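Okay, so here's the structure we're looking at.
All values derive from a computational prediction rather than experimental measurement. Chain letters run A, B, ... following the sequence lines, proteins first and then strands; every chain starts at 1.
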Amino acid sequence: MRFPRGARLLRHADFERVYKQGRRHFSAHMTVFYLRRSEGAGLRVGFTVSKMLGGAVQRNRMKRRLREAVRLEAAWNSAAVDVVINPKKSVATADFAALRTEISRAFEVIQKSVGR
RNA sequence: CAGCCGGACCGGACGGUCGCUCUCGCCGCAUUCCGCGGCGCGGGAGGAAAGUCCGAACUCCGUAGAGCAGUGUGCCGGAUAACGUCCGGGAGACUGGCUUCAAGGUCAGUCGACGGAAAGUGCCACAGAAAACAUACCGCCUUCGUUCUUCGGAACUGGGGUAAGGGUGAAAAGGUGCGGUAAGAGCGCACCGCCGCGGCAGCAAUGCAGCGGGCAGGGCAAACCCCACACGGAGCAAGACCAAAUAGGGAGGGAUCUCGGGUUCGCCCGAGGACGUGCCGGCUCGGCGCGUCAAACCUCCGGGUAGGUCGCUAGAGCCGCGCAGCAAUGCGCGACCCAGAGGAAUGACCGUCCUGGCGGAGCAAUCCGUCAGACAGAAUUCGAUUGGCUGGCGAGUGU
RNA sequence: UGGGCCGUCGACUAAUGGUAGGUCAAGUGCCUUUGGAGCACUUUGUCUAGGUUCGAAUCCUAGCGGCCCAG
């Protein structure tokens, strides 16, 4: 499964829209925001890792691990949904298998809530 | 142990699968353009990219003048694009050895923000008589005065001399020795220190010896300050180009703020006021401007935001050799191309091995399990500075 | 990218270059039938390393940590 740039959420305006109008799903290592898009198709995922979570090394590591977990677990054939993941500090050190199961559960919830 | 030199050492090593990003090539889609997607070859974090602080490149803005601020640097010479960096040298300080009565000299090592205290101001607690145009507390002396006297001399709220001795302090108006004196004193002499003069050596800082002078007056400028020198401001979110949506800006008409003048009665010219505001990029003086002094409405015209493209990586580059130089470094020749993202590219998993810690088994070699393998990641570029680990040397000095 | 500020007992704060002080907290004792309150006493500190100075929390340099502002 690939995870190219086109499937990423990159625009500031998109992030703002998801935060303001979207729904939230909480879990142990992260908070997931999601919002159904009216146009286009397919899933788009973005990450927000603020400076409070550590230096550049820590933050880049969190993003890489999350990207890999999303690449392996996301439901790619879903409807047009924008997702933003806010990690917590434990993402840098947690077991990678736990991250995978958590991401997988989060997408199940999103599918149920948005799919209908 | 400090020190010096080196390191092609630091997400341990090798292999595999999947994925990310960039250049190039090919293919497909859209083809009105920007483009979107796939496949393949290749490139893809560090000595310090990070932090720090200083300097430069580059870019834009500014640049009539005078004065005052402000900031930084501060022995000398050199290197460099430049520096507060680097290299070399010299005063000076500290520690130890030798020498000397001592001061001092000399050798070795380490440090070395080091212009001016004879421009001015300020500070120097406690202690001490006195802490800065010096001073007489205890002492010491007395050729002075008075009193007493056993006529030897003794005493004093007395006068005078004295900076040798005591004591205080971080610091008390050169040091040591000899002479000298009533007691003392650079009062005299020798050596050392200091000041001045010219000489020699050196590019210079400075050093060396000589001559002359008995000798100037504390410390602090990493206190204010003075002197010399340097400094326009901002920073790749600089800046250039293209350019939505929405909102809004400017010009002219509409339409004379006041006074004066003119008038073809449309308005025009000159002077002035009030308010607001811009520049001389910190301030002042002084100066140069600009706008408004009715709104709706009508006509015409920029510019900018989101976003995109460029800037954006071949360079004060890196490696090797030679030459010049004590060195920093420079010059010459050869070879090489080595990241360019932009919500921001290096990750995940598997296997084998290495090193270390912990636990267990074993007499032991060893085996099993588990955890870990620095600091940290390009954000315009470059120079400088600030780590850990490790290998070698370790003469001399200290313990 | 540029600029500014701050680190003092466990907590909050003072201190012209000259003995680091106060409040609360903590501990011990007194008082009280007990607890609280009160009283007395005690403990503990200048972020780190160098330097200037006779003397540094203060001045200088370097490092560590934290906060804030502008675009």
Pick the [atom1] atom in [N] and in [M], then give their distance to the nearest Å.
{"N": "G122(B)", "M": "U16(C)", "atom1": "C1'", "value": "12 Å"}
{"N": "G248(B)", "M": "G62(B)", "atom1": "P", "value": "31 Å"}
{"N": "A129(B)", "M": "U168(B)", "atom1": "P", "value": "11 Å"}
{"N": "A185(B)", "M": "A171(B)", "atom1": "C1'", "value": "23 Å"}
{"N": "G21(C)", "M": "U28(C)", "atom1": "P", "value": "25 Å"}
{"N": "G112(B)", "M": "C75(B)", "atom1": "C1'", "value": "11 Å"}
{"N": "G369(B)", "M": "C375(B)", "atom1": "C1'", "value": "31 Å"}
{"N": "G193(B)", "M": "G67(B)", "atom1": "P", "value": "50 Å"}

Could you tell me which nucleotide pairs with [N] by Watson-Crick or G-U wobble geometry, both distances under 3.5 Å, or answer none if nothing does?
{"N": "G282(B)", "result": "C68(B)"}
{"N": "G359(B)", "result": "C368(B)"}
{"N": "A395(B)", "result": "none"}
{"N": "A82(B)", "result": "none"}
{"N": "C9(C)", "result": "none"}
{"N": "G218(B)", "result": "C124(B)"}
{"N": "C338(B)", "result": "none"}
{"N": "G145(B)", "result": "C156(B)"}

Point to revise | From OG1 (Thr48(A)) to NZ (Lys63(A)), nearest 0.5 Å | key: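 NZ of Lys63(A) is found 9.5 Å from OG1 of Thr48(A).
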**Study point:** Point-to-point distance, once rounded to the nearest 0.5 Å, from CZ of Arg67(A) to CE of Met62(A)
**Key:**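 One finds 13.5 Å between CZ of Arg67(A) and CE of Met62(A).
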Anti versus syn assignment for [N], with syn defined as within 90° of 0:
{"N": "G219(B)", "result": "anti"}
{"N": "G302(B)", "result": "syn"}
{"N": "G282(B)", "result": "anti"}
{"N": "G165(B)", "result": "anti"}
{"N": "A234(B)", "result": "anti"}

Practice item. Using a strict cut-off of less than 4.0 Å between a Lys/Arg side-chain nitrogen and an Asp/Glu carboxylate oxygen, indicate whether Arg105(A) and Glu108(A) qualify as a salt bridge. Key: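 Result for this pair is no, no salt bridge flagged.
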Point to revise | Side chain proximity check, Asn86(A) to Phe33(A), heavy atoms < 4.5 angstrom | key: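 A side-chain contact under 4.5 Å exists here.
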Review point. In terms of the nearest nucleotide of RNA chain B, which residue is placed more toward the 5' end: Arg67(A) or Phe47(A)?
Key: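 Closer to the 5' end of RNA chain B: Phe47(A).
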Exercise for review: Identify, between Val84(A) and Glu68(A), the residue whose nearest nucleotide on RNA chain B lies closer to the 5' end.
Suggested key: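 Residue closer to the 5' terminus by nearest nucleotide: Val84(A).
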**Study point:** Pair of N/O donor and acceptor under 3.5 Å linking C20(B) base with Arg71(A) side chain
**Key:**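 Between C20(B) and Arg71(A), which were checked side chain against base, a qualifying N/O pair under 3.5 Å is absent.
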Review point. Which heavy-atom pair separates Val18(A) from Tyr34(A) by the least distance, and what is that distance?
Key: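 Closest pair (atom of Val18(A), atom of Tyr34(A), distance): CG1-N, 4.1 Å.
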Exercise for review: Taking all non-hydrogen atoms of both residues into account, name the closest pair between Phe47(A) and Val45(A) and its distance.
Suggested key: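 Taking Phe47(A) first and Val45(A) second, the nearest heavy atoms are CZ-CG1, 4.1 Å.
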Can you give me every donor-acceptor pair (side chain of residues 24-31 of chain A, partner residue at least two apart or in another chain, under 3.5 Å) with its distance?
| residue | atom | partner | partner atom | Å |
| --- | --- | --- | --- | --- |
| Ser27(A) | OG | Met30(A) | O | 3.2 |
| Ser27(A) | OG | Glu102(A) | OE2 | 2.8 |
| His29(A) | ND1 | Ser90(A) | OG | 2.7 |

Nearest whole angstrom, please: distance from the [atom2] of [N] to the [atom1] of [X].
{"X": "Arg65(A)", "N": "A345(B)", "atom1": "CZ", "atom2": "C1'", "result": "19 Å"}
{"X": "Leu66(A)", "N": "G343(B)", "atom1": "CG", "atom2": "P", "result": "18 Å"}
{"X": "Met62(A)", "N": "G377(B)", "atom1": "CE", "atom2": "C1'", "result": "15 Å"}
{"X": "Ile85(A)", "N": "G343(B)", "atom1": "CD1", "atom2": "C1'", "result": "14 Å"}

Check your understanding: With a non-hydrogen cut-off below 4.0 angstrom, is Arg100(A) in contact with a base, only sugar-phosphate, or nothing?
Key ->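 No contact at all - Arg100(A) keeps every heavy atom at 4.0 Å or more from the nucleic acid.
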**Study point:** Side chain of Lys63(A) (C-beta onward), nearest among A344(B), G19(B), A348(B)
**Key:**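 For Lys63(A), the side-chain atoms sit closest to A344(B).
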Review point. Among the nucleotides A45(B), G19(B), A344(B), which one has an atom lying closest to any side-chain atom of Arg64(A)?
Key: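 The nucleotide sitting nearest to the side chain is A45(B).
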